[in-house]
Participant: 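Quick one: structure below, then a few questions.
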Amino acid sequence: MKYEVETVNEFGTKIPPHVVKKAKEMGCNKPNYVYKDGEWMEHEKFPASNINIISKSTRFGNARSAEAHKVTIVDDWVAFKSPSGSGSRGSKKDDGW
């Protein structure tokens, strides 16, 4: 019997399997920082970078910068590119997914 692992972000929001798959394909570092569009604003916490990560995710310091680095994954799900990242790195087996 195959069990599907439930994936949630830092706010406890369930991330659908098709979003998880696409996020991995786009080089997202880990599921914690995949958001419903606008979700981080509701929680009054700036999002963290999750695409093109060199060493670790870093939380944005303001909304303008975050919005400038927002990338749509699929539907109304988003992640944020690292402003200092250089090029895409694919997800690896031990990335926390």
Side-chain angles (χ1 to χ4, degrees):
M1 180 183 299
K2 184 177 178 182
Y3 294 95
E4 192 167 305
V5 177
E6 186 175 272
T7 306
V8 297
N9 69 13
E10 69 174 319
F11 301 122
T13 305
K14 294 178 187 174
I15 304 170
H18 74 285
V19 176
V20 170
K21 181 177 188 260
K22 184 67 175 175
K24 286 182 186 180
E25 290 171 1
M26 292 177 70
C28 286
N29 191 36
K30 55 179 137 179
N32 293 21
Y33 307 125
V34 172
Y35 307 94
K36 294 279 285 179
D37 196 12
E39 178 179 34
W40 60 272
M41 289 182 259
E42 295 170 12
H43 292 274
E44 298 179 358
K45 187 175 184 179
F46 292 122
S49 58
N50 197 16
I51 301 173
N52 296 348
I53 304 302
I54 293 172
S55 61
K56 67 178 189 168
S57 295
T58 303
R59 199 161 297 282
F60 287 91
N62 62 67
R64 185 176 180 176
S65 180
E67 287 296 313
H69 293 88
K70 180 169 66 175
V71 176
T72 299
I73 296 170
V74 65
D75 303 324
D76 58 348
W77 289 90
V78 299
F80 295 83
K81 289 193 321 187
S82 171
S84 61
S86 58
S88 177
R89 73 178 251 336
S91 288
K92 298 196 175 24
K93 189 175 181 179
D94 60 349
D95 275 346
W97 289 92

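Note that these values count all heavy atoms, side chains included, but never hydrogens, waters or copies made by symmetry.
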Participant: Check whether Ser49 reaches the backbone of Thr58 with its side chain - one donor and one acceptor, N or O, closer than 3.5 Å.
Facilitator: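 Checked: pair present.
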Participant: Are Ile51 and Ile15 linked, directly or through intermediate hydrophobic residues, by side-chain heavy-atom contacts shorter than 4.5 Å (ILVMFWY only)?
Facilitator: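 Yes, Ile15 and Ile51 fall within the same hydrophobic cluster.
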Participant: Quick one: CD1 on Ile73 to CE on Met26, what's the gap to the nearest 0.5 Å?
Facilitator: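 So the CD1 of Ile73 and the CE of Met26 are separated by 6.0 Å.
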Participant: May I ask you to say whether Lys45 pairs ionically with Glu10, meaning some side-chain N is under 4.0 Å from a carboxylate O?
Facilitator: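 Between Glu10 and Lys45 there is a salt bridge, with a charged N closer than 4.0 Å to a carboxylate O.
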Participant: Let me see the working for Asn32 and Asn9 under side-chain contact (heavy atoms from CB on, under 4.5 Å), right down to the final yes or no.
Facilitator: CA-CA 4 Å; Asn32 293 21; Asn9 69 13; 5.7 Å; no
Participant: Taking all heavy atoms of Ala63 and all of Phe46, pick out the closest pair and write down the distance.
Facilitator: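 In terms of heavy atoms, the two residues are closest at N-CE2, 3.2 Å.
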Participant: Roughly how far, to the nearest 0.5 Å, is the CD atom of Glu67 from the CZ atom of Phe60?
Facilitator: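 Rounded to the nearest 0.5 Å, the CZ-CD separation comes out at 10.0 Å.
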Participant: Which atoms form the tightest heavy-atom contact between Thr13 and Trp77, and what is the distance?
Facilitator: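 That would be CG2-CH2, 3.8 Å.
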Participant: For the residue pair His43 and Phe11, does the interplanar ring angle fall in the parallel (under 30°), tilted (30 to 60°) or perpendicular (over 60°) class?
Facilitator: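 His43 vs Phe11 ring planes: parallel.
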Participant: Do Pro16 and Val74 make a side-chain contact, defined as non-hydrogen atoms from C-beta onward lying under 4.5 Å apart?
Facilitator: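 Side-chain contact under 4.5 Å: no.
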Participant: Examine Val78 and Met41 and state if one hydrophobic cluster contains both, with Ile, Leu, Val, Met, Phe, Trp and Tyr joined whenever side-chain heavy atoms are less than 4.5 Å apart.
Facilitator: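 Same cluster.
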Participant: Would you confirm whether Asn50, through its side chain, and Pro31, through its main-chain N or O, come within 3.5 Å as a donor-acceptor pair?
Facilitator: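 Checking the backbone N and O of Pro31 against the side chain of Asn50, no donor-acceptor pair under 3.5 Å is found.
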Participant: With a 6.0 Å cut-off (strictly less than), is the heavy-atom count around NZ of Lys70, excluding the residue itself, greater than 12?
Facilitator: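 Counting other residues, nucleotides and ligands, NZ of Lys70 exceeds 12 neighbours.
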Participant: Rounded at 0.5 Å granularity, tell me how far NZ in Lys24 sits from NZ in Lys21.
Facilitator: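 Rounded to the nearest 0.5 Å, the NZ-NZ separation comes out at 10.0 Å.
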Participant: Taking the side chain as C-beta and beyond, is there a heavy-atom pair between Ser57 and Phe80 under 4.5 Å?
Facilitator: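 Not touching, per the 4.5 Å side-chain cut-off.
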Participant: Taking it one step at a time, do Asn29 and Ser82 satisfy side-chain contact (heavy atoms from CB on, under 4.5 Å)?
Facilitator: CA-CA 11 Å; Asn29 191 36; Ser82 171; over 6 Å; no
Participant: Which atom names give the shortest non-hydrogen contact between Val34 and Val19, and what distance separates them?
Facilitator: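 Result for this residue pair: CG1-CG1, 4.2 Å.
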